[in-house]
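Following: one structure in structure tokens, then a few remarks.
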Amino acid sequence: MTTNSSIETRLRQLWRTYTTRLVVRGTGWLLAVLVALIFVDLLLDWNLDLAGKWRLALLLANLGVLGWVGYQYLVRLLPRCNAIDEALRVERVQPDLNGLLVSSLQFQDEAAYGPLISRELMRAVRQQAEARVATMDFRAAAQRLVLRAALLSGGVALAVLVWVGAWRGEMLAVVAQRMINPGSRRPYPTLTTIEVLSGDIVTRRGEPVTLRARATGVVPTQGRLLVRYGALSWETVPLTADAAKPGHFEYLLPNTSDDIEYYFRAGDGRSSRYRVSVMRPPQIAAGRVKLTYPAYTKMAAQEVETLNLKVPEGTQVNWDLKFSERVEAADLMLEGAEPAPMKLAGNGRDATLQLPAQASRAYQVRFRWHLGKREYVEPSARYYLQVIPDADPQVTLLQPVEDAKATLKKVIRLAYSARDDYGLNEATIVFSVNAGAELRHKLGPLDTQSQVEKEFTWPVTQQ
């Protein structure tokens, strides 16, 4: 842009005027939107007592809306200083110029045109343009940018904000603090103030809980308790103040099975939110049992993951249990026997114990654990240990099938069958001759077979 041109100087003034009006209009809309967002935030947070994460999300949404409005109504529209653009803006409001102003600016750089273009014509156009716009106020072109709606909206919004600030300035201060600092729990000012006496509670699952609050200031006789179980929606419980203690409200939750969030409302007051955290009693989360069988069974040791056991008599049972919560002590309670203390690891959640399986009986694990200052002792689910006694081998004499007489040189044909759960080592025949002393004769090893049937001959006097 050539600085010695009066036209260009006036066009620069137009650019400044137009830009200023754009900034004023954009600021008006931004102010109106900002005040609207402040009151939306106030209504939402005041009525819903938004948690910190939701206030942070609302703050980010506010910044997003303000950024969008600022871009759409201000940043996007700000023009660069360009003489041709400003001349076009003038000609849009002075269509009778018929491009004369734009042409005069384009013809200033004569060197940019070829020799076929008349320099005299270029100078004539510039001179005609200067004469034509000599008395014209270019800044009037900026008047087409209407400010009335933006200024009215911004002015009304600012007036409302000032009025509310003068009337309930503390409300605006609180919403500002709670929005800027989402972790703030500063309450809104009210005629009725509610103090929650029960506060945050940690309790055992299934136990009753009493929620208490006290109202001061303008004390109503009716109130409400708002309760939310887990992720469910809020439930409202009507309350009546204690006749003996005006302003005191309480409500008994007879059974607690899930975490609870709650707060009280009375008059125009609302308390902060509190939680009832429900702790479940310890349980056996996982269990492995190593079984070491007696030598007579010739069975290899193994591990199982069931706590209902069926084992041969004399088996060494080694429990390795993992609990769902930390405990102070754990005992294995075999029915009809003294409690057997388990060895507890340092984390309070792993326990071991080894006992011989002697008799079939039910059993449980008894936990001792603390919740706050209270100690609880309670059992786990019931399990069963079935012990299979070692039965005697079963032997059947197949031959001879009846009594018989024999000489001393008689050879008897014998046959027998035998079976045992865990295997037979050897066979022995027990006999007496002519009602004499009882004698024994080994029939040989059976190689731990569980069932055999053998036949042989045997001289009756052979020992």
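Within the 4.5 Å cutoff, no side-chain heavy atoms of P238 are placed close to those of Q222. In this structure, V304 and L309 have side chains that are in contact, with non-hydrogen atoms separated by less than 4.5 Å. Counting heavy atoms from C-beta outward, M299 and P294 have side chains that stay 4.5 Å or more apart. At least one side-chain heavy atom of I260 sits less than 4.5 Å from a side-chain heavy atom of L253. Using a 4.5 Å heavy-atom cutoff, the side chains of V209 and Y251 are not in contact. Using a 4.5 Å heavy-atom threshold, the side chains of R374 and H370 count as separate. Between Y376 and P281, every side-chain heavy-atom pair lies at or beyond the 4.5 Å cut-off. Inter-residue side-chain proximity for V276 and L211 is flagged as met; some heavy-atom pair is nearer than 4.5 Å.
The backbone N or O of R212 lies less than 3.5 Å from a partner atom in the side chain of S198, making a donor-acceptor pair. Of the possible donor and acceptor atoms, none in the side chain of R25 sits under 3.5 Å from a partner among the backbone N and O of R21. Remark: the backbone N or O of T292 is not paired with any side-chain donor or acceptor of Q316 at under 3.5 angstrom. A donor-acceptor pair is defined here as one N or O able to donate and one able to accept, closer than 3.5 Å; such a pair exists between the side chain of S271 and the backbone of F264. Checking side-chain atoms of N308 against main-chain N and O of Y384 turns up a donor-acceptor pair under 3.5 Å. D268 contributes a side-chain N or O that, together with a main-chain N or O of T192, makes up a donor-acceptor pair within less than 3.5 Å. A donor-acceptor pair is defined here as one N or O able to donate and one able to accept, closer than 3.5 Å; no such pair exists between the side chain of N318 and the backbone of Q354.
Among residues at least two apart or in separate chains, side chain to side chain donor-acceptor pair (under 3.5 Å) pairs with a member in residues 329-346 are D331-R366, E335-R382. Pairs passing the side chain to side chain donor-acceptor pair (under 3.5 Å) check and including a residue from residues 49-62, sequence neighbours excluded, read D41-N62, D49-R178. Sorted by first then second residue, the ring-ring contact (aromatic ring centres under 6.0 Å, His included) pairs that include residues 269-288, not counting sequence neighbours, number zero. The side chain to side chain donor-acceptor pair (under 3.5 Å) pairs that include a residue from residues 148-170 number zero, where partners must be two or more places apart or lie in different chains. Pairs of residues two or more places apart, or lying in two chains, never qualify as ring-ring contact (aromatic ring centres under 6.0 Å, His included) while including a residue from residues 205-233.
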Query raised in the report: Given the rule in the side chain to side chain contact (heavy atoms under 4.5 Å, CB included) test, do L197 and H248 qualify, once you have shown the distances and angles that lead to the verdict?
Result: CA-CA 10 Å; L197 304 177; H248 283 72; 4.2 Å; yes

Report task. Start with the C-alpha gap between L172 and L161, add the side-chain angles, then the distance that decides, and say whether side chain to side chain contact (heavy atoms under 4.5 Å, CB included) holds. Result -> CA-CA 9 Å; L172 296 180; L161 184 65; 3.9 Å; yes

Report task. Show your reasoning for whether salt bridge (charged side-chain N to carboxylate O under 4.0 Å, His left out) applies to D258 and R280. Result -> CA-CA 9 Å; D258 293 299; R280 289 156 177 75; 3.5 Å; yes

Requested in this report: Check step by step if side chain to side chain contact (heavy atoms under 4.5 Å, CB included) holds for M279 and V202.
Outcome: CA-CA 7 Å; M279 301 298 294; V202 179; 3.6 Å; yes

Query raised in the report: Please walk me through it: do L344 and F323 pass side chain to side chain contact (heavy atoms under 4.5 Å, CB included)?
Result: CA-CA 10 Å; L344 202 61; F323 305 142; 4.0 Å; yes

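A salt bridge links D259 and R275; the closest N-O separation between the charged side-chain nitrogens and carboxylate oxygens is under 4.0 Å. Contact check on E195 versus R214 returns a salt bridge, with a Lys/Arg side-chain nitrogen under 4.0 Å from an Asp/Glu carboxylate oxygen. In this structure, R204 does not pair ionically with E207, as no charged nitrogen and carboxylate oxygen lie closer than 4.0 Å. Salt-bridge formation is detected for the pair E303/R288: a Lys NZ or Arg NE/NH1/NH2 atom is positioned less than 4.0 Å from an Asp or Glu carboxylate oxygen.
Considering CG of L74 and CD of Q72, their distance stands at 11.0 Å, rounded to 0.5 Å. To the nearest 0.5 angstrom, Y263 atom OH is 7.5 Å from R224 atom CZ. Residue L321 holds its CG atom at 8.5 Å from CG of L353, rounded to the nearest 0.5 Å. Atom CG in L88 sits 8.5 Å away from atom CG in N82 (nearest 0.5 Å). Note that the OG atom of S184 and the CD atom of Q177 stand 4.0 Å from one another [nearest 0.5 Å]. A distance of 3.5 Å separates NZ of K322 from CG of D350, quoted to the nearest 0.5 Å.
Closest approach of P182 and I180 over heavy atoms only: CD-O, 3.3 Å. Minimum interatomic distance between L14 and A141 (heavy atoms only, all atoms of both residues): CD1-CB, 4.0 Å. Taking all atoms of both residues into account, the shortest heavy-atom contact from A241 to G247 is CB-N, 4.0 Å. When every heavy atom of A213 is checked against every heavy atom of I194, the shortest pair comes out as CB-CG2, 4.0 Å. Looking at every heavy atom in both residues, A83 comes nearest to L11 through O-CD1, 3.7 Å. Heavy-atom minimum distance, S272 versus R185: CB-NH2, 3.6 Å.
Of the listed residues (E375, E328, E325, E378), just one forms a side chain to side chain donor-acceptor pair (under 3.5 Å) with W369, and that residue is E378. L355 pairs with exactly one of L385, L334, T315 by the side chain to side chain contact (heavy atoms under 4.5 Å, CB included) rule, that one being L334. Y383 pairs in a side chain to side chain contact (heavy atoms under 4.5 Å, CB included) with only one of the listed residues (I284, T306, V365), which is I284.
Side-chain contact annotation: Q358 with E313, donor-acceptor N/O pair under 3.5 Å absent. Q302 and Y293 share a donor-acceptor pair across their side chains, judged by distance under 3.5 Å alone.
In this structure, the ring of Y363 has its center less than 6.0 angstrom from the ring center of W319.
For R10 and F138, the positive end sits near the middle of the six-membered ring, less than 6.0 Å away and at most 45° from its axis.
By the 30° and 60° cut-offs, the orientation of the rings of W29 relative to Y73 is tilted.
The number of heavy-atom neighbours closer than 6.0 Å to CZ of R76, taken from other residues, nucleotides and ligands shown, is above 12. Annotation for Q283: atom CD does not count as buried by contact number, only 12 or fewer foreign heavy atoms lying within 6.0 Å.
Scored by the ring-ring contact (aromatic ring centres under 6.0 Å, His included) test, F249 finds no partners at all (sequence neighbours excluded).
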